[in-house]
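Remarks on the structure that follows.
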Amino acid sequence: MLEVAKLDAFYGQSHILRGIDFQVAAGESVALLGRNGAGKSTFLKALLNGGPQARGRISFLGQHLTREQLHQRARLGMALVPEDRRIFPKLTVEENIEIGGRAAPTGATPHSINDVVAMLPMCGPLLKRLGFQLSGGQQQMVAIARGIVSRPRLLMLDEPAEGLAPVIVDELADAINRLRQTEGLSLIVTEQNIDFARETTDRLYLLDVGEVVFSGSWPEFDARPDLVDRYLAL
Ligand SMILES: Nc1ncnc2c1ncn2[C@@H]1O[C@H](COP(=O)(O)OP(=O)(O)OP(=O)(O)O)[C@@H](O)[C@H]1O
Ligand SMILES: [Mg+2]
């Protein structure tokens, strides 16, 4: 459903991504691993045309993307949950989630709040709270709720487990896996947390200084312990 070929991305004169080939099949979940500054967020933003200048080929649901702006790509069915979560502090959780519905494709009805709570039950008790009253884990759940309310076909989670306590990370992984089953979503999960990525994805790409240095299944990755030492250890 997503095919990226020879993608380069730039911030001004800085050449950040080089020749990225990347695919996601319908219903598939794929991890993008890499240490700080590897280019994970730049890749997701390039897919959405949300910041970097990109060159190369991106096709999404059979459509070749060229100049479509971020909001147009959202309407095609791409949704990003950014690494900084961007919860509006003075809006309620319910309002924060509803804002995501504005990205629904023309003619499509966003999920109701009740549907979203059924998919992410931990949001239920929080609906009337204000954004600034949430813990980090709660913010992440609400950010994901805001991402899925528009019924995206491809959900991109940028380091969802970052900064969360292990018990919350487990809950988050369960929530993501339930969403995959019920919604038939395709997913891209960027992570430095290998265990979380393993729990929530089918296979992985490894990025280092803007280039893909490995792609394969989790067993293939595990057979190459040098990869962790070289590209993921601090
Ligand atoms: N807005 C920007 N302008 C210029 N350079 C940027 C910008 N955003 C990121 N970069 C640079 O692009 C490179 C890749 O950054 P990116 O944020 O994509 O990495 P990342 O893999 O998401 O890292 P992290 O794990 O820290 O989030 C880095 O060298 C970074 O300094
Ligand atoms: Mg990042």
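Positions are given from 1, in the same order as the sequence printed here. What's counted below: heavy atoms across the whole structure, side chains too, no hydrogens, waters or symmetry copies. Both ligands and their constituent atoms are indexed starting at 1 by order of listing.
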Legend entry - Shortest heavy-atom approach to atom 16 (P) of ligand 1 - which of Thr42, Leu32, Leu207: Thr42
Inset, instruction - Answer yes or no for Lys45: is there a heavy-atom contact with ligand 1 below 4.0 Å? - result: no
Legend entry - Atoms of ligand 1 close to Asn36 [distance to a heavy atom under 4.0 angstrom, numbered from 1]: 23 (O), 24 (P), 25 (O), 26 (O)
Legend entry - Shortest non-hydrogen contact between Glu220 and Phe214, atoms and distance: C-CZ, 3.9 Å
Inset, instruction - Taking atom CD of Gln72 as the centre, report whether more than 12 heavy atoms of other residues, nucleotides or ligands fall under 6.0 Å from it. - result: yes
Inset, instruction - May I ask you to identify the nearest protein heavy atom to atom 27 (O) of ligand 1, giving residue, atom name and distance to one decimal place in Å? - result: Glu83 OE1, 2.8 Å
Legend entry - Side chain, backbone, both or neither: Ile16 near ligand 1, heavy atoms under 4.0 Å: side chain
Inset, instruction - For the Mg ion (ligand 2), decide whether Asn36 has an N, O or S atom at a distance under 2.8 Å. - result: no
Inset, instruction - State the atom name: nearest N, O or S atom of Glu83 to the Mg ion (ligand 2). - result: OE1
Legend entry - With Arg180, the side-chain hydrogen bond (donor to acceptor under 3.5 Å, both in side chains) member among Thr201, Thr200, Asp202: Asp202
Inset, instruction - Could you tell me whether atom 30 (C) of ligand 1 has a protein heavy atom closer than 4.0 Å? - result: no
Legend entry - Ionic contact status for Arg198 with Asp222, cut-off 4.0 Å: yes
Inset, instruction - Could you find the nearest protein heavy atom to atom 17 (O) of ligand 1 and give me its residue, atom name and distance? - result: Ser41 CB, 3.8 Å
Inset, instruction - Examine Leu207 and Val30 and state if one hydrophobic cluster contains both, with Ile, Leu, Val, Met, Phe, Trp and Tyr joined whenever side-chain heavy atoms are less than 4.5 Å apart. - result: yes
Legend entry - CZ (Arg178) with more than 12 external heavy atoms under 6.0 Å: yes
Legend entry - side chain to side chain donor-acceptor pair (under 3.5 Å) assessment of Glu83 paired with Ser41: CA-CA 8 Å; Glu83 57 192 330; Ser41 300; 2.8 Å; yes
Inset, instruction - List every atom of ligand 1 that sits less than 4.0 Å from any heavy atom of Gln192, numbering the atoms from 1 in the order shown and giving each element. - result: 25 (O)
Legend entry - Distance flag, aromatic centroids of Phe22 and Tyr205, threshold under 6.0 Å: yes
Legend entry - Short N/O/S contact of Glu159 with the Mg ion (ligand 2) (below 2.8 Å): no
Inset, instruction - Report yes or no: does Gly37 have a heavy atom closer than 4.0 Å to ligand 1? - result: yes
Inset, instruction - Check whether any protein heavy atom sits under 4.0 Å from atom 19 (O) of ligand 1. - result: yes
Inset, instruction - Run the contact test for Arg35 against ligand 1 with a 4.0 Å cut-off on heavy atoms, strictly below, and give the result. - result: yes
Inset, instruction - Look at atom CZ of Arg153 and say whether more than 12 heavy atoms of other residues, nucleotides or ligands are closer to it than 6.0 Å. - result: no
Legend entry - Top protein contact for atom 6 (C) of ligand 1, by heavy-atom distance: Tyr11 CD1, 3.2 Å
Inset, instruction - For the pair Arg146 and Glu98, find out whether any cationic side-chain nitrogen is under 4.0 Å from an anionic carboxylate oxygen. - result: no
Inset, instruction - Looking only at distances, please establish whether an N/O atom of ligand 1 is found under 3.5 Å from an N/O atom of Ala38. - result: yes
Legend entry - Residues Glu3 and Arg57 bridged, charged N to O under 4.0 Å: no
Inset, instruction - Could you tell me whether ligand 1 has any atom less than 4.0 Å away from a heavy atom of Gly39? - result: yes
Legend entry - Minimum-distance protein heavy atom relative to atom 24 (P) of ligand 1: Glu159 OE2, 3.4 Å
